[in-house]
Amino acid sequence: MRTIIKNIKQLLMVETAPRPRVCGAEMAKIATVDNAYLVVDDDRFVSWGVMDNYQGTADREIDATGRMVMPAFCDSHTHMVYAGSREIEYTDKIRGLSYEEIARRGGGILNSAKRVQEASEQQLFDDAMLRLHEMAAHGTGAVEIKSGYGMTVDAELKMLRVIRRLREQSPLTIRATLLGAHGIPLEYRGRQEQFVDLVIEQMIPRAADEGLADFIDVFCDQGFFTVADTERMLEAGARYGLRPKIHANEMALSGGIQVAVRYNALSCDHLEFTGPAEIECLKGSATMPTVLPGAAFFLNMRQAPVRQMMDAGLPVAIASDYNPGSSPNGNMQLILSMACVTYRMLPEEAINATTINTAYAMGVSDRLGSIARGKEANFIITKPIPTYEYLPYAYGENKVEQLYIAGKRLV
Ligand code: NIG
Ligand code: FE
């Protein structure tokens, strides 16, 4: 079936020579077409151009007068399968407790783990599906989802099975990450390496054997897992073909970025503590530096040096980190605004960071993340808006009117 979207005020992020990711100064540019049309055959983009030049017929015509069309957001870092909420700890933080203090008391990640262990698979699925709808309503078309609130072999596998069901039942593109090493269960305090053994000997083989994970993640940071722990787990993951995407340098200059690059991670994420040595190490690597403005905002943390990264020629991806502890929101439009306000990214840089670069960070930039011939037709039609700069500018307002996934309207 041929669809034409016509009278598009401005078509964003078109690529005739698709790039896997966009780096450095290139991030400040996005290709646009004014007064455009876009042709979609079934689930694929076919062509585009200026309205005056359009000739041909279509089975379906969509009038986008006054509206922008752009690729759907890709959200390459979430923990959006979880049970309950943590607003009481949020209030404790306002009163002055730190994230690390809350974690040490058995709160934080361990609090969510207890609730996930108690929750049924069905409940976890139902809650996550509602969140996924909400994310789609704000323009997200692809989501990476981590386990990590299980802490036991059974609960981790339960989370991964929920992700598999979401993948089967949602039209969104979903990738699953095994985050067995997210926190240290209380009963393993003081003998952390034995918990690492459990991840290596049971979680990784079982998740891999059931085909439940695409990637492996470790929270490699001060107060959590060490570089040595991380190396052991990434090596075990590699034996099962699981490429790393790791949490690094949120709490300290932990060596997480270096270990990510050494193990050819697809991404390393958070990066609030990133110095010149870390930037140097990322140069020339295939690892996508990924920054999570929602978590930095919510925890009121120091900011990752995004401008220095881009000045050094690095690509940057920006994701939501949707989770109950440090970023209870999966609205990528809000994340786009935060990227501009917090990191002084230009709207063009932030758009590249939330589409093509996050697509790279979840291993799908050959199929998604820009409007290119042959790529899957995952796109947003905005409400009538004056400019694309209005997208991050009007923060908190939902500018998405329609979302198409593989050519089919979902929102
Ligand atoms: O990405 N930093 C580690 N993990 C999550 C937080 C998880 C939680 O607090 O529940 C994050 O921010
Ligand atoms: Fe995270």
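Position 1 is the first residue of the sequence; numbering continues from there. Indexing begins at 1, ligand by ligand and atom by atom, following the structure's order.
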K283/E278 salt bridge by N-O under 4.0 Å criterion
no
Taking only heavy atoms of R86 into account, list the atoms of ligand 1 that are under 4.0 Å away from them.
8 (C), 9 (O), 10 (O)
Show which atoms of ligand 1 fall inside a sub-4.0 Å distance from at least one heavy-atom site of Y149.
7 (C), 8 (C), 10 (O)
Which of the numbered atoms in ligand 1 are under 4.0 angstrom from any heavy atom belonging to I109?
7 (C), 8 (C), 9 (O), 10 (O)
Heavy atom of F224 under 4.0 Å from ligand 1?
no
Atom 4 (N) of ligand 1: nearest protein contact (heavy atom, Å)
H182 NE2, 2.8 Å
Which of the ligand 1 atoms, numbered from 1, are nearer than 4.0 Å to a heavy atom of D321
1 (O), 11 (C), 12 (O)
Within the distance-only criterion (no hydrogens, no angle test), does the side chain of T287 pair as donor or acceptor with the backbone N or O of A265 below 3.5 angstrom?
yes
Would R307 count as a cation-pi partner of Y343, with NZ or CZ less than 6.0 Å from the six-membered ring centre and within 45° of the ring normal?
no
Charged N-O contact under 4.0 Å between K383 and E397
no
Can you sort out which atoms of ligand 1 are near N323, meaning under 4.0 Å from one of its heavy atoms?
6 (C), 7 (C), 8 (C), 9 (O), 10 (O), 11 (C), 12 (O)
Among all protein heavy atoms, pick the one closest to atom 12 (O) of ligand 1 and tell me residue, atom and distance.
S326 OG, 2.5 Å
For the Fe ion (ligand 2), every protein N/O/S atom that sits closer than 2.8 Å, waters excluded:
H77 NE2, H79 NE2, H247 NE2, D321 OD1
For R239, what residues pass the side-chain hydrogen bond (donor to acceptor under 3.5 Å, both in side chains) criterion, not counting sequence neighbours?
none
Only heavy atoms of H77, strictly under 4.0 Å: list the atoms of ligand 1 that pass.
1 (O)
Compute both the distance and the angle, then confirm whether R21 meets the cation-pi test with Y360: under 6.0 Å from the six-membered ring centre, within 45 degrees of the axis.
yes
Short N/O distance, under 3.5 Å, between H247 and ligand 1?
yes
With sequence neighbours excluded, what pairs up with F125 under the ring-ring contact (aromatic ring centres under 6.0 Å, His included) test?
none
Output for pair (M362 CE, I145 CD1), nearest 0.5 Å, gives 8.5 Å
for atom 6 (C) of ligand 1, nearest protein heavy atom and its distance come out as Y99 OH, 3.1 Å
Any side-chain donor paired with an acceptor under 3.5 Å for H247 and D217?
yes
Taking ring-ring contact (aromatic ring centres under 6.0 Å, His included) as the test, write out the residues that go with Y188, two or more places apart.
F195
Nearest to atom 2 (N) of ligand 1, what protein heavy atom do you find, and at what distance?
E250 OE1, 2.7 Å
Examine the side chains of E272 and Q303 and answer whether a donor and an acceptor come within less than 3.5 Å of each other.
no
Got a sec: does the CZ of R344 have more than 12 other heavy atoms crowding it under 6.0 Å?
no
among protein heavy atoms, the one nearest atom 3 (C) of ligand 1 is F219 CE2, 3.3 Å
